[in-house]
Amino acid sequence: MLLKKKEAGNKKFFFVLIFLTFLSSADSFDNNLYNNHGIVGLINIPTARSYDEGVHGVTIYDSDIDQKITLTSNPYDWLEASFFYVNIPSIELCRAYFDVRTYCQGFKDKGFNLKLRIKQEGIFPAIAIGFMDFAGTGKYSSEYIVSSYGVGKLDMHFGMGWGALGGSSEKIKNPFGYISDSFYSRGGYASLGGQLNFSNFFSGQEAAPFYGISYSFNKNVLFQIEKDTILVDGGSLPYPDRESDYTIGLNYLINDNFSLGFSYEKGGYSSLKFLYKNNPKRSFKKYEYQQADTSINDDKYTKLIKNLEENGIGVNKISETSRFLGLELTQFIHPDLNLVEEIISQASRDAGIKKDIKKDLKITDLKAVSEIDEAFERSARTIYERQQYRGVNTSSNIRFRPFVASREEFFKGAVLAENDTEFVIRENLFFNTNLKYSLADNFDDLIFPPVDTFPAQVRSDVKQYLKNMDQGILVGRAQIDYHLTPKTNHHLMFTGGILEDMFSGYGAEYLYFKPNSNYSYGIEAFKVKKRDYNWGFGHLDYENITMTANLYYRNYGLIPFDMKISAGEYLAGDIGSTIEFSRTFQSGVRFGAFATFTDVSSEDFGEGSFDKGIFFNIPIYGNLINYTWRPLTKDPGAKLIRHHNLNDLLVKFRPLD
């Protein structure tokens, strides 16, 4: 009888534990923070926690040992990616400028982090594997496997680290060594960086177990303690002697987006951390159909026009047969064809339209969706036709242009007043301008020339442009665009003028785009000439013809993504290919990464080995900010930075998911 009571008690305890797990608030956007390295974790150790897809953030970390800026994003709820810049002030590097002046500053480095959650928390813990500072020079290079389990306001974590996470007084023999002896050997990293060294992953004679907990006292205060296994003895960073195996931290959550953290690390030094994170799903609301202000005197066609235009869809023409209503529409706002079709259906119902709809959808007079055929046009009568629009659209904004990790100083930037204006000459003919004016910048002392300028200097002289940003009103762009759809699904764009900050020229693009398919392809060719450093209408001697073939693919289903593969000749005359992966959300948030491989060897390319980077489109105080980041500004693999291309325009008429 006593045994049965004990078993019953154990069952009750087990079910209470499961119940508490489902009530757990520890695995949430609110109670999880980025650690010092910009990875969702505790203080230095990572955890198996992961934010929802679309979440992004910035971590700014400062200590006596190093300072780090990390940008982190979640393209999927199971994938977290980040890149960082670090300054190590105690490792001083000095450079002489033509024997006139010597510049001394701390060691600068950059790298990538990646974490994959392979199991969500349920009855059993969440599990993730990750890689810190891979494909870099290896200052923080490490791998880990970690599990996390939360009960109420308490979150518990246990894992194992290799490399820079393997620095504990309590280590175990590398368990992967039982699979192959090769795991016992951990080599160094290429001096040029930028290369994946797969043989180093989860390697070394030993691995170090780590663990930690976090506890949320209330919605504003989060306490953390961990067994910190960051490598101190024999590591590549100048850490002081380890006084303790444990690091403690206290975080104050200012609101949903901002927090401040204080840590006392390994009993030897303190650090501060400022964190910004944003979940667009909280701030972005799914588009809601807007009711138009119609009058009882309006006929059904007028109501339809008002309904559509109230929801961001312009009506160019309405025609009608005995069975169908034909709509020629244009739109720039909505990123998803399914949403556009929902709006058209709702607008038609509200207007009292009973007939089936045939529609042509256009953007800048490019016919993206074509359901109106010649048979319909022959028998249809025109109900409404809008006069051709001519006008001017203009907007002005304050923008920040960063320039990070230069050899002169770790962080530089400019606050710019920018104006973008579009002159609509015809529905398919536009003149676009971008003017800039520097309100404040610190580019004056950019003096060190680039180390490598092979095969031609097309991007590595960016400092020469930045130094002249304080010279009054600058012309960033002044180009004319002409769009044409000569045949269904076949589209053309002709462009000429000042195309970007560093190049002028002219060229054309062709794209085959079928909206009910998940691929498109095309070719683009431009004759370009290098602009001079004064941001005006002058030019340097360099010119080239660049030509690339492009393939676009949108994957649906379990892992939605966009892929672009391009191949051809780049700005500097090198020949090769670029592969790009990205993820776009309904909110307009977009994350992506790219890598370019050309006929320029790793030795000629120099540090970094090949061109690569990430790009993002994120909302900051209601505005979408576009930014592309490369570890280094090099010439090989450089492409023209276009205002827009045909696929960017037409992909709005394709479903997102």
Side-chain angles (χ1 to χ4, degrees), residues 287-393 422-430 481-492 513-516 646 649-655:
Y287 185 82
E288 295 181 1
Y289 177 81
Q290 303 297 309
Q291 294 288 343
D293 184 14
T294 59
S295 167
I296 58 173
N297 297 321
D298 292 337
D299 60 30
K300 59 183 179 180
Y301 306 111
T302 303
K303 289 180 180 178
L304 177 60
I305 293 169
K306 288 183 177 180
N307 290 340
L308 289 170
E309 294 188 343
E310 183 68 23
N311 288 275
I313 299 176
V315 181
N316 296 334
K317 185 178 180 180
I318 300 177
S319 53
E320 187 178 36
T321 67
S322 58
R323 295 179 55 197
F324 298 101
L325 189 73
L327 299 178
E328 185 181 294
L329 309 172
T330 185
Q331 75 95 19
F332 299 86
I333 299 173
H334 308 293
D336 189 346
L337 179 61
N338 291 334
L339 177 57
V340 173
E341 291 181 336
E342 288 175 11
I343 292 171
I344 294 171
S345 296
Q346 185 65 50
S348 301
R349 288 193 297 269
D350 288 355
I353 302 294
K354 304 297 184 183
K355 293 182 179 180
D356 292 335
I357 301 292
K358 283 182 175 286
K359 59 185 179 296
D360 278 0
L361 295 177
K362 294 184 176 182
I363 184 167
T364 64
D365 212 37
L366 297 167
K367 190 179 291 187
V369 175
S370 182
E371 297 176 353
I372 297 175
D373 53 23
E374 291 183 3
F376 175 88
E377 289 180 337
R378 283 196 301 267
S379 58
R381 67 185 182 94
T382 300
I383 304 297
Y384 165 83
E385 190 163 11
R386 187 179 65 180
Q387 290 185 345
Q388 193 172 86
Y389 172 76
R390 292 181 177 86
V392 178
N393 305 310
E422 179 182 70
F423 299 88
V424 183
I425 304 168
R426 294 175 55 185
E427 290 189 350
N428 63 346
L429 185 62
F430 307 86
D481 297 313
Y482 177 71
H483 306 94
L484 182 66
T485 302
K487 186 179 178 182
T488 302
N489 301 328
H490 297 267
H491 310 281
L492 294 169
F513 181 94
K514 194 174 181 179
N516 57 355
L646 287 173
L649 293 171
L650 293 166
V651 77
K652 297 176 184 293
F653 298 98
R654 183 172 282 165

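Position 1 is the first residue of the sequence, and the numbers go up from there. Just so you know, these numbers come straight off a predicted model, no measurement behind them. All values below come from the heavy atoms of this structure, side chains included, with hydrogens, waters and symmetry mates left out.
Legend: residues meeting salt bridge (Lys or Arg N to Asp or Glu O under 4.0 Å) with E427, ordered by chain and number and at least two apart, are R386.
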Item to check | From CA spacing to verdict: side-chain contact (heavy atoms from CB on, under 4.5 Å), E377, I372 | outcome: CA-CA 7 Å; E377 289 180 337; I372 297 175; 3.7 Å; yes
Checklist entry - Step by step, would you call L325 with Y301 a side-chain contact (heavy atoms from CB on, under 4.5 Å)? => result CA-CA 10 Å; L325 189 73; Y301 306 111; 3.9 Å; yes
Next on the checklist: With side-chain contact (heavy atoms from CB on, under 4.5 Å) as the criterion, how do L304 and V315 come out once you've worked through the C-alpha distance, each side chain's angles and the decisive distance to 0.1 Å?
Outcome noted: CA-CA 9 Å; L304 177 60; V315 181; 5.9 Å; no
Next on the checklist: Let's go through L361 and L337 carefully: what are the C-alpha distance in whole Å and the side-chain angles of both, what is the deciding distance for side-chain contact (heavy atoms from CB on, under 4.5 Å) to 0.1 Å, and is it a yes or a no?
Outcome noted: CA-CA 10 Å; L361 295 177; L337 179 61; 3.8 Å; yes
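From I344, atom CD1 reaches atom CG of L339 across 10.0 Å, with rounding to the nearest 0.5 Å. To the nearest 0.5 Å, the span separating CG on L329 from CG on D360 amounts to 8.5 Å. Interatomic distance, K362 NZ to L650 CG, rounded to the nearest 0.5 Å: 12.5 Å. Separating the CG atom in N338 from the CD1 atom in I343 is a distance of 11.5 Å, to the nearest 0.5 Å. Rounded to the nearest 0.5 angstrom, L327 CG and E320 CD are separated by 10.0 Å. Rounding to the nearest 0.5 Å places CG of N393 at 10.0 Å from CZ of F423.
Here the closest non-hydrogen pair linking A292 and K306 is CB-O, 3.5 Å. Scanning all heavy atoms of the two residues, the minimum distance from H483 to D481 falls at CE1-CB, 3.9 Å. Scanning both residues, S319 and F376, for their nearest heavy atoms gives OG-CE2, 3.2 Å.
Between T302 and N297 there is no side-chain heavy-atom pair separated by less than 4.5 Å. Looking only at side-chain heavy atoms (C-beta outward), Y289 and E342 stay at 4.5 Å or farther from each other. Taking 4.5 Å as the limit, every side-chain heavy atom of D365 sits out of range of all side-chain heavy atoms of T485. The side-chain heavy atoms of S348 and L308, taken from C-beta on, include no pair separated by under 4.5 Å.
In terms of modelled atom types and a separation under 3.5 Å, the side chain of N428 and the main chain of L484 share no donor-acceptor contact. Remark: side-chain polar atoms of K355 are paired, donor with acceptor, to backbone N or O of T321 under 3.5 angstrom. Using modelled atom types, no side-chain atom of R390 and backbone atom of V424 make a donor-acceptor pair closer than 3.5 Å. In this structure a side-chain-to-backbone donor-acceptor pair under 3.5 Å is present from E371 to K359.
Residue pairs satisfying the ring-ring contact (aromatic ring centres under 6.0 Å, His included) criterion with at least one member in residues 334-371, sequence neighbours excluded, are listed as follows: Y287-H334.
Using a 4.0 Å cut-off between a side-chain N of Lys or Arg and a carboxylate O of Asp or Glu, D298 and K303 do not qualify as a salt bridge.
The number of heavy-atom neighbours closer than 6.0 Å to CG of N516, taken from other residues, nucleotides and ligands shown, is above 12.
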